[in-house]
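Here the structure is laid out as structure tokens; the discussion comes afterwards.
Each chain gets a letter, A, B and so on, in the order its sequence line appears, and its residues count up from 1. Hydrogens, waters and symmetry mates play no part in the numbers below; they use all other heavy atoms, side chains included.
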Amino acid sequence: MSLEDELLEQRLNRIREIEALGFPAYGRRFEFTHTLPRIAAEYGSKTAEELEPPVSVRVSGRLETIRRMGKAGFAHLSQGGTRLQIYVKKDAAGERDFQLYQLLDIGDIVGAEGYLFRTRTGELSVHVTSLHFLAKTLLSMPEKWHGLEDVETRYRQRYLDLIANPEVRQVFVTRSRIIASFRRQLEAHGFIEVETPMMQPVYGGATARPFITHHNALDIDLYLRIAPELYLKRLVVGGLDRVYEINRNFRNEGLSTQHNPEFTMLEFYQAYTDYRGLMDFSAELLRQVAIDATGGLEVEYEGNRLNFGRLERMSMREAIIRFWSGESRPSMDDLRDPDWLLRHSSRSSPGEALAEIFERVAEPCLIQPAIVYDYPVETSPLSKNKPEEPAMVERFEIYAAGMELGNAYTELNDPQEQRRRFDMQLAMRARGDEEAHQMDEDYIRALSYGMPPTGGEGIGIDRLTMILTGSKSIRDVILFPLLRPEGPLGLADRLRALDGRER
RNA sequence: GGGCGCGUAGCUCAAUUGGCAGAGCAAGUGACUCUUAAUCACUAGGUUGCAGGUUCGAUUCCUGCCGCGCUCACCA
């Protein structure tokens with residue numbers, strides 16, 4: 001018999017012993033007086049004298065350590081990212097509860113009643129008068145000193161990662177704070193949160209390959225959305241002047257440290273503003289998010305100190321000139337010259353060439369949070385042209401740590417021009433660009449009813465979370481990143497074999 | 001999809017040129033009524049990711065496959 005089977009059998013037997021003492025192996029509702037974080041906050045700095053007269057508490061948590069010493073012993077409970085020591089002495093807890101203490105395993109979930117005191121070494125602890133059993137662990141916990149290091153196991157069994165590695169919990173708490181901060185700020189500016197279709201008959205709003213699924217009753221293929229954009233703007237047509245959505249997008253593309261097939265975007269649309277207005281708003285939003293998430297404006301990422309207190313602004317052409325390395329730095333005139341652009345890129349149109357050169361030359365250098373504005377029309381089928389240079393559009397992207405964090409533009413609200421843009425995209429698709437936009441006639445119909453001048457923006461929540469939590473991989477900020485399926489575990493078979501057979 | 005790397009006990013890691021697969025934690029038994037990586041004694045635990053090959057002999061060398069990581073391509 002393997003060790004794991006032996007362990008499983010031991011634990012199942014132990015359940016019988018615990019039940020024989022009169023404790024259910026899997027308890028029910030437990031009334032507590034304090035969470036462990038609250039005890040830490042309220043009593044963490046109290047001296048032994050200040051804990052007189054005794055403070056009675058009823059707490060619960062998962063057992064992280066157990067130190068048994070004959071007729072007494074210690075253990076650490078963990079709850080809400082906080083540990084609290086309990087002291088179980090036979091004289092104080094009584095015969096039956098002390099027997100229970102002797103049957104506990106690391107990982108079990110228990111309740112403890114008693115009073116707070118300081119041990120001789122000064123650690124705040126609960127002097128236990130009564131123990132409760134709440135849930136049994138059948139499998140052994142990761143090692144207490146090194147935690148759980150195996151990356152694959154950490155992603156596949158995130159619950160173990162959260163139990164064994166306290167800093168992981170903090171990453172996801174911060175992620176939650178980031179999202180809450182956006183919501184709070186947008187609500188304060190009069191935005192309302194909406195939910196638009198995840199399953200779409202025509203996908204759009206971004207350049208990407210979609211996932212395809214099928215609806216049986218209607219017998220139609222549907223696409224998991226690559227962006228909510230076109231639906232949100234239909235809502236602006238409908239008079240929802242300030243709307244936002246924080247939700248998943250799905251893109252059927254490769255995985256990397258910066259790409260997960262499903263990822264979370266904030267998109268918001270504000271009528272009667274333009275991309276200049278959104279630049280100001282973006283700077284305000286990011287500044288406050290950084291404060292809400294980290295307590296400050298500066299954050300250390302990959303050896304750089306990033307300051308979210310300001311967003312430097314530069315045009316795409318300025319960025320190329322500024323970050324050009326090596327000989328023959330181009331001039332502003334070069335970057336307006338179609339021949340120069342096509343000579344310096346393998347792309348087929350001057351605008352695509354400009355964007356490609358920017359991504360190659362400047363994007364990796366954009367370490368400090370920055371706004372890059374004015375994009376070529378070819379790469380921006382939904383943005384409004386610049387009046388003085390129709391080949392360019394009123395669009396900007398937000399960069400930090402060499403990553404694209406956000407994308408915003410003055411929305412194109414002229415249905416005839418939008419139809420021409422879709423035609424342009426169809427031509428690109430005919431040339432083999434699989435990611436070029438589809439024609440969306442229903443969207444053109446919506447614009448044909450008149451959409452107010454509008455600014456719209458998307459911010460990648462995962463990447464922003466990476467930066468604000470110092471995470472190197474997007475998988476570290478997504479609780480359950482996509483992995484290949486694991487294959488059969490055999491646990492059901494083992495449990496079935498042991499069911500009712502334990503002594 | 002390409003390139004590079006990794007896979008050994010439940011967890012964290014060793015194993016000399018190809019020569020008896022080991023340790024710590026966790027687990028079991030015993031001792032211990034203020035320990036905190038508790039301590040002490042003893043015990044058990046392995047299809048070395050999977051399948052082949054080379055060899056007297058493979059954790060080690062070779063081939064294929066599976067999984068993961070990094071990276072390039074694609075993308076946000």
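Counting to the nearest Å, the P atom of B:rU29 and the CG atom of A:Asn13 are 11 Å from each other. In this entry the distance linking CD of A:Glu359 with P of B:rA73 reads 11 Å, nearest Å. For A:Leu366 and B:rA76, the CG to C1' distance is 15 Å, given to the nearest whole Å. As rounded to whole Å, 16 Å separates atom C1' of B:rG10 from atom CD of A:Glu9. Remark: P of B:rA26 and CG of A:Leu63 are 14 Å apart, rounded to the nearest angstrom. The separation between A:Met69 atom CE and B:rU35 atom P is 7 Å, rounded to whole Å. Spacing between atom CD1 of A:Ile86 and atom C1' of B:rU33 amounts to 15 Å, rounded to whole angstrom units.
When ring centroids are compared, A:Tyr203 and A:Tyr223 come within the 6.0 Å threshold. Taking the six-membered ring where the residue is Trp, the centroids of A:Tyr399 and A:Phe358 are separated by under 6.0 Å. A ring-centre distance under 6.0 Å is not found for A:Phe182 and A:Tyr244.
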At a cut-off of 3.5 Å, list every protein nitrogen or oxygen paired with a nitrogen or oxygen from nucleotides 69-71 of chain B, distance to 0.1 Å.
{"unit_1": "B:rG69", "atom_1": "OP1", "unit_2": "A:Arg475", "atom_2": "NE", "d": "3.3"}
{"unit_1": "B:rC70", "atom_1": "OP2", "unit_2": "A:Arg475", "atom_2": "NH1", "d": "3.1"}

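Set against B:rG10, B:rU35, B:rA27, the side chain of A:Asp105 has B:rA27 as its closest nucleotide. Of the candidates B:rA26, B:rU35, B:rC11, B:rC11 carries the atom nearest the A:Leu148 side chain, counting heavy atoms from C-beta on. The nucleotide whose nearest atom lies closest to any side-chain atom of A:Arg484 is, among B:rC34, B:rA27, B:rG67, B:rG67. Listed candidates were B:rU12, B:rG28, B:rC74. Nearest to the side chain of A:Glu143 is B:rU12. Counting only heavy atoms from C-beta on, A:Thr65 has its side chain closest to B:rA38 among B:rG24, B:rA38, B:rU35.
Nucleotides B:rA21 and B:rA58 place their C1' atoms 12 Å apart, quoted to the nearest Å. Distance noted for atom P between B:rC11 and B:rU47: 13 Å (whole Å). Annotation: B:rA14 and B:rC50 have their C1' atoms spaced 24 Å apart (nearest Å). Here, B:rC20 and B:rC65 have their P atoms 32 Å apart, quoted to the whole Å. Between the P atoms of B:rC4 and B:rC40, the separation comes to 47 Å (whole Å).
Ring pair A:His127/A:Tyr115 is parallel by interplanar angle, where below 30° counts as parallel and above 60° as perpendicular.
In this structure, A:Gly73 reaches neither bases nor backbone, as no heavy-atom distance under 4.0 Å exists between it and the strands shown. Among the heavy atoms of the strands, none lies under 4.0 Å from A:Arg209.
With hydrogens and angles ignored, the 3.5 Å screen pairs a side-chain donor or acceptor of A:Asp108 with a backbone N or O of A:Thr137.
Taking CG from A:Leu491 and CG from A:Leu8, the interatomic distance works out to 6.5 Å, rounded to the nearest 0.5 Å. Atom CZ of A:Arg175 is separated from atom CG of A:Leu464 by 10.0 Å, given to the nearest 0.5 angstrom.
Taking only side-chain nitrogens and oxygens, A:Arg14 comes nearer than 4.0 Å to OP1 or OP2 of B:rG28.
Scanning residues 110-119 of chain A for heavy-atom distances under 4.0 Å to RNA chain B yields A:Phe117, A:Thr119.
A donor-acceptor contact under 3.5 Å links the side chain of A:Gln85 to the base of B:rU35.
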